[in-house]
Number of protein chains: 2
Amino acid sequence: MDKPSNTADDILAAARRFIVAGGYNGFSYADIAEVVGIRKASIHHHFPSKVDLVQTLVRRYLEEAVTGMTELERNVPEPPELLRTYAGFWAQCIEDASRPFCVCALLASELPVLPPEVAAGVRAYFQFLSGWLTGVIERGAAQGTLTIAAAPRVEAEAFMATVHGAMLSARAYGDVLTFGMILAPTLQKLIPATD
Amino acid sequence: MDKPSNTADDILAAARRFIVAGGYNGFSYADIAEVVGIRKASIHHHFPSKVDLVQTLVRRYLEEAVTGMTELERNVPEPPELLRTYAGFWAQCIEDASRPFCVCALLASELPVLPPEVAAGVRAYFQFLSGWLTGVIERGAAQGTLTIAAAPRVEAEAFMATVHGAMLSARAYGDVLTFGMILAPTLQKLIPATD
DNA sequence: TGTGATATACCTACTAGTAGGTAGGCAACA
DNA sequence: TGTTGCCTACCTACTAGTAGGTATATCACA
């Protein structure tokens with residue numbers, strides 16, 4: 001677990017913050033060096049190139065998502081509550097400004113100018129997330145705990161799109177409550193009323 | 001109408017393509033100079049700084065949206081058809097790759113690192129679009145031609161978020177049909193079945 | 001009708017600063 | 001003793017932007 005040094009983790013954490021703020025071309029090794037408190041050249045010791053750094057970041061981001069979702073499904077088995085928890089996670093991240101945007105959603109927006117290795121990682125994340133949501137929605141529909149109007153895959157893609165678009169709007173308006181406001185009716189349409 | 005020279009328009013068109021591909025930091029004056037066929041310094045003659053250039057681009061983008069929506073509402077008066085046409089416009093833009101992303105949606109993702117003048121323009125675009133959609137949905141709900149589960153403003157924000165998120169997914173998957181696939185059930189939920 | 005003033009649109013050649021990246025050294029430590 | 005982690009010092013390529021020039025077009029007016 002402690003194979004990568006603390007500095008490497010610090011570099012990755014700084015890179016994540018910079019990417020979340022302004023994308024792949026929105027930061028430099030000099031920016032990272034400053035916040036981590038080392039020299040530019042020392043970053044190259046841990047990550048020979050910028051591509052290596054961001055590739056590692058995206059790979060870990062996907063790994064964390066996979067373990068996070070697995071963990072989540074163990075603790076929260078019901079599909080409606082899974083969707084609510086997933087949306088609530090991002091609502092919290094945005095509200096407390098700890099992670100105001102999804103790394104891969106941001107990188108996806110600049111996909112055409114991304115190094116191919118990074119682009120592939122971003123695509124993998126989208127495929128995983130969409131697959132996971134499809135599974136959850138499929139299960140909910142079969143159980144009758146979710147109401148869907150289209151195929152589970154399509155509903156999953158629509159849900160994911162709304163989540164990403166809501167992040168964008170929250171950022172555009174500079175209003176952290178926008179995300180929750182948008183997700184509320186989206187969840188409501190999927191979850192049958194219990195009145 | 002011919003106040004700005006052809007070259008200035010060419011520069012703006014090139015900048016738009018570059019921004020749509022990779023955002024504010026994803027292109028340089030050198031990139032534009034190459035595709036327009038002039039020298040870097042000549043771009044500075046038309047747009048003294050990069051901020052001037054992108055600011056002008058965003059301002060015009062909003063102006064075009066305003067006139068486009070006004071025109072649209074004159075030709076297509078019914079709210080359901082307005083939403084369908086708006087979504088269809090973007091579906092077409094993405095499918096024929098003519099405008100595979102909204103300039104302001106892309107810029108919004110990197111808002112924290114944008115020059116303040118540009119950021120303000122992006123915010124204005126979001127406010128206009130959200131306001132227009134709110135009006136359309138409000139009217140549709142009053143007429144009974146649209147079915148809404150939340151306040152018109154909330155439904156409008158959710159719709160806009162889904163459109164932007166669907167652009168992102170289409171880009172992430174590299175599949176131009178993803179956008180239409182996502183928007184179909186979204187429209188379906190707002191437009192009552194006519195069976 | 002010719003002449004001068006002004007403006008437009010572009011050019012070459014340059015600046016300071018920043019980008020990612022490299023070479024080689026030094027100290028701590030297993 | 002070799003490896004790890006970081007350093008100074010440097011590189012080349014590129015960034016936005018500037019200085020100063022030229023060719024051409026337009027207009028005012030004698």
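Keep in mind it's a predicted model, so treat the numbers as computed, not measured. Chain A is the first sequence line, chain B the second, and so forth, proteins listed ahead of strands; every chain is numbered from 1. Hydrogens, waters and symmetry mates are skipped; everything else that's a heavy atom, side chains included, is used.
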D:dA16 C1' sits how many Å from B:Arg39 CZ, rounded?
17 Å
Determine: side-chain N/O of A:Ser42 to OP1/OP2 of D:dC7, distance under 4.0 Å, yes or no.
yes
From CG of B:Asn25 over to P of C:dT18, roughly how many Å is that when rounded to an integer?
14 Å
Have a look at B:Phe27 and say if it touches a base, only the backbone sugar-phosphate, or nothing, with a 4.0 Å heavy-atom cut-off.
sugar-phosphate
With the threshold set at 4.0 Å, does a side-chain nitrogen-carboxylate oxygen contact exist between A:Glu155 and B:Lys189?
yes
Separation of atom CD1 in A:Ile32 from atom C1' in C:dT18, rounded to whole Å:
15 Å
Grab the OH-C1' distance between A:Tyr29 and C:dT22 for me, whole Å please.
13 Å
Under 4.0 Å between a side-chain N/O of A:His46 and OP1 or OP2 of D:dC6, yes or no?
yes
What is the separation between atom NE2 on B:His44 and atom C1' on C:dA13, rounded to the nearest whole Å?
14 Å
Does a donor on one side chain sit under 3.5 Å from an acceptor on the other, for A:Asp10 and A:Thr7?
no
Do A:Lys50 and A:Phe27 meet the cation-pi criteria used here (NZ or CZ under 6.0 Å from the six-membered ring centre, within 45° of the axis)?
yes
Regarding the side chain of B:His45, the nearest nucleotide among C:dA13, C:dA9, D:dC7 is C:dA9
In whole Å, I'd like the distance from the NZ atom of A:Lys50 to the P atom of C:dT18.
15 Å
I want to verify a distance call: between D:dC6, C:dG20, C:dT12, whose nearest atom is closest to the A:Thr7 side chain?
D:dC6
Atom pair distance, as rounded to whole Å: CD1 in A:Ile38 and P in C:dC26:
21 Å
Hey, what do you get for CG (B:Leu72) to CZ (B:Phe89), rounding to the nearest 0.5 Å?
10.0 Å
With nearest nucleotide decided by heavy atoms, which residue, A:Lys40 or B:Ser28, maps closer to the 5′ end of DNA chain D?
A:Lys40
For the pair A:Arg60 and A:Glu64, find out whether any cationic side-chain nitrogen is under 4.0 Å from an anionic carboxylate oxygen.
no
Quickly work out the A:Ile43 CD1 to D:dC6 P distance and round it to whole Å.
11 Å
